[in-house]
Amino acid sequence: MDLIWQIFLNGIFLGGLYALMALGLALVWGVLNIVNLAHGAFIMLGAYACYYLYTGGHIDPFLALPLAMLIIFALGYLIQRFVLNLIVRSAMFTTLLITFGIDVVLTYMAQIIFTADFKTINPPYAGSNFQLFGATVPYVQMFTFVVALAVTVGLSVFLRRARLGRAIRATAQNLTAARLYGVNPRTLYAITFALGAALAGGAGGLYGMVSQINPYIGAPLTAKSFAIAIIGGLDNPLGVIVGGLFLGLVESFTALYIGPTYTSVASFGILVLVLIIRPTGILGRTA
Amino acid sequence: MSEVLLGVDKLGAGYGDMAVLLDMSFEVRQGEIVSLVGSNGAGKTTLMRALSGLLPRKGSIRFAGSEISGMAAERIFSLGLVQVPEGRQLFGQMSVLDNLLMGAYLCRDKKEEKRRLERVFELFPILQERRSQRAGVFSGGEQQMIAIARALMAEPRLLMVDEMSLGLAPVIVDKLLDALVAIRDERGVTVLLVEQDVFSAFSIADRGYVLELGKIVREGNAEELVEDPEVRRAYLGI
């Protein structure tokens with residue numbers, strides 16, 4: 001029983017991080033209609049940004065997180081403004097190809113700059129934990145979960161309440177009408193894409209605290225984010241929380257009962273099931 | 001006579017090599033309600049798009065003293081030329097309030113935004129009651145009302161309404177027409193109504209134009225145009 005409780009908690013903590021990873025991908029997909037294959041590369045870069053701010057700048061990794069997000073935001077803004085805006089609203093194949101290209105470039109630049117060595121973000125409190133009804137909870141894991149959830153809810157509130165958030169939703173729903181009322185799509189797309197990148201960067205920083213970083217972690221995380229975004233649905237940030245938690249739990253229990261090698265089989269198997277049974281996602285609206 | 005708010009001279013526009021509007025000239029004066037009628041394919045929507053700056057165009061368009069034929073859509077909009085697009089184009093998944101606030105997107109002043117909202121709610125009290133409901137769940141007439149209210153949130157000088165009556169019951173159209181008259185009378189907004197439904201369009205208009213295959217073929221007082229045998233034959237089938 002204790003074991004199941006422990007695995008459940010592990011799954012929830014992992015799921016919170018997954019939700020944040022997928023959030024940016026879902027946002028960009030929903031608004032720009034681009035499935036950003038470089039999303040994982042932004043996660044990877046965010047992890048390195050956090051790592052170097054901590055090891056080089058001696059900033060606590062959780063405090064370094066906003067800074068890392070800001071750096072990746074700037075990078076995302078530039079990429080959208082000067083590369084992706086050239087092909088915005090073009091065929092899916094074109095956008096896939098370009099973002100794949102960006103992914104390759106970022107990954108190999110990271111390999112040259114950061115080397116392929118594994119790195120981890122190890123704050124002094126990395127080993128400490130506490131007991132929760134018989135389960136062991138590492139502080140880092142819990143903070144990661146809390147921060148991931150807070151950022152996800154924060155984005156949801158921003159999209160609902162803020163003027164810019166409203167414009168982002170409006171553009172996603174009806175570009176023609178949004179333009180009629182003075183929304184400049186180019187700027188808005190750049191901000192949205194940068195926001196998606198920043199969210200990925202933040203997720204990367206957290207990922208670096210609970211796992212290992214190398215230049216190649218991006219691609220599998222893109223795939224996972226893609227699965228979560230589809231499972232959770234694109235039009236509601238709270239959907240990715242459900243999708244993320246769900247996937248986290250599934251992976252944890254699969255690792256225990258079937259074997260760690262089968263976690264990806266389980267998560268992508270569920271993706272296929274969702275696509276067959278409920279193509280709009282768990283919380284997605286049907287038209 | 002009051003001054004000319006919108007002056008269109010020899011306007012030409014189209015899609016690629018296909019010209020839809022040829023040498024169109026007309027004007028709308030400050031405080032008028034002008035109706036521009038034409039059947040399907042006459043070029044009404046193309047005209048709206050050309051005036052709003054969404055299409056490449058030739059000739060001259062003067063609005064509120066500026067030449068706008070070379071301006072980008074966003075600039076034209078901020079001068080106060082605002083359209084209620086055909087098919088309403090609401091943000092269907094967003095609340096009424098969010099839809100209205102999008103109309104005031106370029107207004108960054110919270111107080112001013114609130115003032116505009118209050119004025120719009122005065123005109124359409126039902127929208128205040130139902131402001132948190134999704135725009136997509138409203139009836140066609142109510143959606144048209146939301147679309148007009150959203151355009152008013154931009155504080156237009158000229159409100160261009162495209163195919164307002166499309167798909168609506170005559171009794172609903174009458175209510176919306178009354179609302180347009182109120183908007184002109186109480187708020188001094190000039191209205192350009194672009195319509196297929198000749199009878200309702202001319203019922204509230206001061207002056208009218210008849211558009212056929214990209215050209216103005218008739219113009220004059222609304223009452224005279226309704227009586228015009230040629231117009232009656234072509235549009236009313238009498």
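Since the structure is predicted, the reported quantities are computational estimates derived from the model, not experimental observations. Letters A, B, ... mirror the listed sequences (proteins, then strands); counts begin at 1.
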In terms of heavy-atom proximity below 4.5 Å to chain A, should [X] be classed as side chain, backbone, both, or neither?
X        : answer
B:Arg88  : neither
B:Leu54  : side chain
B:Ala104 : neither
B:Gln89  : both
B:Tyr105 : both

Please check if the side chain of B:Asn99 supplies one atom and the backbone of B:Ser95 the other of a donor-acceptor pair under 3.5 Å.
yes
With no hydrogens and no angle check, just 3.5 Å: does a side-chain donor-acceptor pair link B:Ser60 and B:Glu67?
yes
Say whether B:Arg131 and B:Gln128, considering side chains only, have a donor N or O and an acceptor N or O under 3.5 Å apart.
no
Is the shortest side-chain heavy-atom distance between A:Val240 and A:Ile231 below 4.5 Å?
no
Looking at chain A, which one of B:Met94, B:Gln83, B:Glu113, B:Arg75 has the largest number of heavy-atom pairs inside 4.5 Å, strictly under?
B:Met94
Only pairs of heavy atoms separated by less than 4.5 Å count here; which of B:Ala151, B:Ser78, B:Ala154 has the most with chain A?
B:Ala151
Please say whether more than 12 non-hydrogen atoms of neighbouring residues, nucleotides or ligands are located less than 6.0 Å from CZ in A:Arg179.
no
Contact origin within A:Ala178 toward chain B - heavy atom pairs under 4.5 Å
both
Reference residue B:Glu112; test salt bridge (charged side-chain N to carboxylate O under 4.0 Å, His left out); the match among B:Lys110, B:Arg108, B:Arg116:
B:Arg116
